[in-house]
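See below for the structure under consideration.
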Amino acid sequence: IICVLGGSQALASDANPMIQAAASALASRLLADRASHAVVVLGDGGAAAQQAFAKGCGDGGRVRTLLPLGRSSGSTIGSDMHAGQNHNEMAKVLALMGDVYLLLEGGDDVSQQVTSVQQHGADIVPLGVGAMVSDTLAAALRKPAGVQDEVWEALVAAQRLPADVVAAAASIVAATVETHRQAT
């Protein structure tokens, strides 16, 4: 399960195309393969980054939005899933369910989710750092096992072109999903 984390703030003007490109790259690598059981789960679905990601996931057949009971995302992409009575309970479930988490953007509002995910041993792959990810979050991220140093550096280097960041993120998420699939 690939979970997507993103904050509630508005996206930088150049972030939306990069997020959609990353979703498209992941969709073509993981979601289009009928033998793959990869599913993308969006947490709460209301954040602009997560909506941009969902739009890049092809037909949305493997996209799920995790929401508290009784809520609807209103999205035409994918389908809704429910867990917990409120946002905090839903966020706890989200922190437990993923094999790998794609961090689209975020500041202090995402820090608690990142901490919870790391405490459970899941890998977090940032979609670049810099304007979209706070310095605190960038410092907390660690390279997933089995990922080559140069691929990780291509992802987190602040001066990389968006296409390089997207390619590195897609490669790392695909490798991490495969590692988790082999372990189970």
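Since this is a predicted model, take the numbers as computed values, not measurements.
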Exercise. Using the test side chain to side chain donor-acceptor pair (under 3.5 Å), find all partners of D149 that sit at least two apart in sequence or belong to another chain.
Key: K143
Quiz prompt | For the student: nearest non-hydrogen atoms of I77 and A54, plus distance | solution = CG2-O, 3.5 Å
Quiz prompt | From M97 atom CE to H120 atom NE2, the distance as rounded to the nearest 0.5 Å | solution = 13.0 Å
Quiz item: Which atom pair, heavy atoms only, marks the closest approach of L67 to S72?
Solution: CD1-C, 3.7 Å
Quiz item: Is there side-chain contact between Q118 and V114, with heavy atoms separated by less than 4.5 Å?
Solution: yes
Quiz item: Among V63, V173, D99, V125, whose side chain to side chain contact (heavy atoms under 4.5 Å, CB included) with I2 holds?
Solution: V173
Quiz item: What is the minimum heavy-atom distance between S116 and A95, and which atoms define it?
Solution: CB-CB, 3.7 Å
Quiz item: Is there a donor-acceptor pair under 3.5 Å between the side chain of D80 and the backbone N or O of S73?
Solution: yes
Quiz prompt | side chain to side chain contact (heavy atoms under 4.5 Å, CB included) partner of L94, the single match among M81, E89, Q113 | solution = Q113
Quiz item: Can you tell which of V117, I1, D123 makes a side chain to side chain contact (heavy atoms under 4.5 Å, CB included) with V100?
Solution: D123
Quiz prompt | Shortest non-hydrogen separation from H82 to P68 and the atoms involved | solution = CD2-O, 3.2 Å
